[in-house]
Amino acid sequence: MKIKQAKEYFELGVIVGFYAIRDPLKVGYWLLVIEGKEERSWTLQTAKNEAKSFASLDTLVGEIEEIEPLSWLQRTQWARR
């Protein structure tokens with residue numbers, strides 16, 4: 001899923017959360033997984049339709065803030081209580 005589509009899905013309420021996993025193809029890198037309703041999930045994609053890898057979690061969090069600019073971390077933590 002590209003970032004533009006992720007923003008649209010977030011606005012429509014399709015996205016329910018985000019999480020990071022280690023990239024199995026690049027040591028030390030992370031993938032952003034976007035979790036949707038009905039147990040669907042996607043990874044964030046590059047313009048070349050490849051999984052977008054992040055060298056740091058700070059950069060990955062920046063991408064989440066592009067999709068959901070308003071307190072996503074607080075909402076995600078609250079939902080897990």
Side-chain angles (χ1 to χ4, degrees):
M1 172 181 295
K2 293 188 173 74
I3 192 133
K4 183 178 178 181
Q5 184 179 19
K7 289 178 183 180
E8 291 172 7
Y9 276 26
F10 176 75
E11 290 173 6
L12 293 171
V14 175
I15 294 174
V16 297
F18 305 93
Y19 58 94
I21 61 169
R22 293 276 187 183
D23 187 336
L25 302 177
K26 293 183 181 179
V27 175
Y29 281 72
W30 298 88
L31 297 174
L32 172 59
V33 179
I34 302 166
E35 188 174 10
K37 291 183 176 180
E38 300 177 10
E39 299 184 23
R40 296 199 59 187
S41 63
W42 308 268
T43 57
L44 196 60
Q45 302 289 304
T46 66
K48 296 181 180 181
N49 291 325
E50 298 170 352
K52 188 170 184 178
S53 290
F54 299 90
S56 75
L57 289 175
D58 286 339
T59 307
L60 184 142
V61 167
E63 289 292 298
I64 295 172
E65 290 172 340
E66 285 287 318
I67 298 166
E68 182 183 352
L70 301 175
S71 66
W72 64 271
L73 181 60
Q74 181 181 6
R75 192 179 73 173
T76 302
Q77 289 175 342
W78 182 83
R80 294 180 188 223
R81 290 183 188 170

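Computed from a prediction, not measured in an experiment: that's the story for all the values here. Keep in mind that the numbers below use all heavy atoms, side chains included, and drop hydrogens, waters and symmetry copies. We're numbering straight along the sequence, starting at 1.
- In the hydrophobic cluster analysis, where Ile, Leu, Val, Met, Phe, Trp and Tyr join through side-chain heavy atoms closer than 4.5 angstrom, Val27 is grouped apart from Tyr29.
- Note: Glu50 CD to Lys48 NZ = 6.5 Å, rounded to the nearest 0.5 Å.
- Between Ser56 and Trp30, the closest heavy-atom pair is C-CD1, 4.4 Å.
- The ring-ring contact (aromatic ring centres under 6.0 Å, His included) pairs that include a residue from residues 33-66 are Tyr9-Trp42, where partners are two or more places apart or lie in different chains.
- Nearest heavy atom pair, residue Ile15 against residue Ala6, reads CD1-O, 3.2 Å.
- Note: Thr43 OG1 to Leu32 CG = 8.5 Å, rounded to the nearest 0.5 Å.
- Between the OG atom of Ser41 and the CE atom of Met1 there is a distance of 9.5 Å, given to the nearest 0.5 Å.
- Put simply, Ile34 and Leu57 are part of the same group of oily side chains (I, L, V, M, F, W, Y) that touch within less than 4.5 Å, one to the next.
- Residues Phe18 and Glu35 have side chains not in contact (no heavy-atom distance under 4.5 Å, counting atoms from C-beta outward).
- Proximity of Glu63 to Ile3: side-chain heavy atoms (C-beta onward) are separated by under 4.5 Å at one or more points.
- Pairing each heavy atom of Ala51 with each of Leu31, the nearest pair is CB-CD2, 3.9 Å.
- Closest of all the heavy-atom pairs between Glu66 and Lys7 is O-CE, 3.2 Å.
- Smallest separation of non-hydrogen atoms from Leu44 and Lys2: CD1-C, 4.1 Å.
- A single hydrophobic cluster is seen to contain both Val14 and Ile64, as judged by linkage of ILVMFWY side chains at heavy-atom distances under 4.5 Å, directly or through other members.
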